[in-house]
Amino acid sequence: MSVPADWPTDESTALAEQQRLRPLVSATGPAPAAGALVAGVDVAYDDERDVVAAAAVLLDYTTLEVVEQATAVGPVAFPYLPGLLAFREIPAVLEALDGLTVEPDLVVCDGYGLAHPRRLGLASHLGVRTGLRTIGVAKNPFTFTYGLPGAERGSWTPLVDAGEEVGRAVRTRQGVKPVFVSVGHRIGLDEAVAATLALTPSFRLPETTRRADTLCRQALAAAVR
DNA sequence: GCGACAG
DNA sequence: ATCTTGTCGC
């Protein structure tokens, strides 16, 4: 894997890059159609050895069967800094996505999109960078506020930041802690939530995320051994 | 000023 | 993210 030549290496450059990309995000667009190809992406690290592994897994939106998958391994491109996660994950993710032979109709990211201090989380950043439709599905509420959604699958509450709805806390499984969904790029919030539920028939997290998580860990282990 | 803080 | 086995329960 190779990090883009102009990739930021310091915080102030990264912040300036977010400021530049932020106006390019679109928060409107359809949910995937039946039979669409949806990709899940995730990344695993071994900071001690300066190794990162990314995975992209393509699923059929209707059957949830795996259509194809790809991985990429390389050096860690950026340190973890809250609010700048995209700079750490995107180089590896881009290369894993390049390994797919078909362009996905939607990419599901492990993290946030517009729900971000400067409204440019990982999913939105990746969307603008690639032009692909993206959403973010996170496991933690980050710095945002939300009310607990009803216990039944499908219920949700607004995820709020500075008095603004930036995403939703969505119950994907009865009685299980909600996931936090936000728009990435070229899709609406209602549609992002609908897609999340469609991709989550049995567990708390979308099948896309679960498949990509397993695969990137596997790729990391193989690279480090 | 201090702490909290997606993965 | 990561350190980490078996085990309780549907």
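Everything numeric in this text was worked out from a predicted model, so none of it was measured. Below, chains carry the letters A, B, ... as their sequence lines are ordered, and counting in each starts from 1.
- A salt bridge between A/Arg211 and A/Asp42 is absent, with no side-chain N of the basic residue lying under 4.0 Å from a carboxylate O of the acidic one.
- A/Tyr112 has its OH atom 7 Å from the C1' atom of B/dA6, to the nearest Å.
- Contact check on A/Asp110 versus A/Arg210 returns no salt bridge, with no Lys/Arg side-chain nitrogen under 4.0 Å from an Asp/Glu carboxylate oxygen.
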ring-ring contact (aromatic ring centres under 6.0 Å, His included) between A/His125 and A/Phe87, intermediate numbers included: CA-CA 9 Å; A/His125 193 146; A/Phe87 295 94; 5.0 Å; yes

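- Between A/Ile90 atom CD1 and B/dG7 atom C1' the separation is 13 Å, expressed in whole Å.
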Heavy-atom protein contacts under 4.0 Å, nucleotides 2-9 of chain C, coded B base, S sugar-phosphate only, - none: S-------

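- One finds no salt bridge joining A/Asp105 and A/Arg186 here, because no Lys/Arg side-chain nitrogen approaches an Asp/Glu carboxylate oxygen to under 4.0 Å.
- Ring-base stacking between A/Tyr80 and C/dA1 is not satisfied when judged by a centre separation under 5.5 Å and a plane angle under 30°.
- At a non-hydrogen distance threshold of 4.0 Å, A/Ala138, A/Lys139, A/Asn140, A/Phe142, A/Thr143 from residues 136-174 of chain A come into contact with DNA chain B.
- As rounded to whole Å, 20 Å separates atom P of B/dA4 from atom NE2 of A/His116.
- In the hydrophobic clustering of ILVMFWY residues, with side-chain heavy atoms under 4.5 Å counting as a link, A/Tyr61 and A/Leu97 come out apart.
- Side-chain atoms of A/Glu89 and A/Tyr45 form a donor-acceptor pair, as typed in the model, at a separation below 3.5 Å.
- When rounded to the nearest whole Å, the span between CG of A/Leu120 and P of B/dA6 equals 17 Å.
- One atom, CG of A/Asp42, and another, C1' of B/dA6, lie 12 Å apart when rounded to the nearest Å.
- To the nearest 0.5 angstrom, A/Thr209 atom OG1 is 7.5 Å from A/Lys139 atom NZ.
- Remark: P of C/dA1 and CG of A/Asp47 are 12 Å apart, rounded to the nearest angstrom.
- For the pair A/Arg118 CZ and B/dA6 C1', the interatomic distance rounds to 12 Å; values are reported in whole Å.
- In this structure, A/Arg22 does not pair ionically with A/Glu17, as no charged nitrogen and carboxylate oxygen lie closer than 4.0 Å.
- Rounded to whole Å, the distance from CD on A/Glu89 to P on B/dG7 is 9 Å.
- Residues passing the salt bridge (Lys or Arg N to Asp or Glu O under 4.0 Å) test with A/Arg118, sequence neighbours excluded: none.
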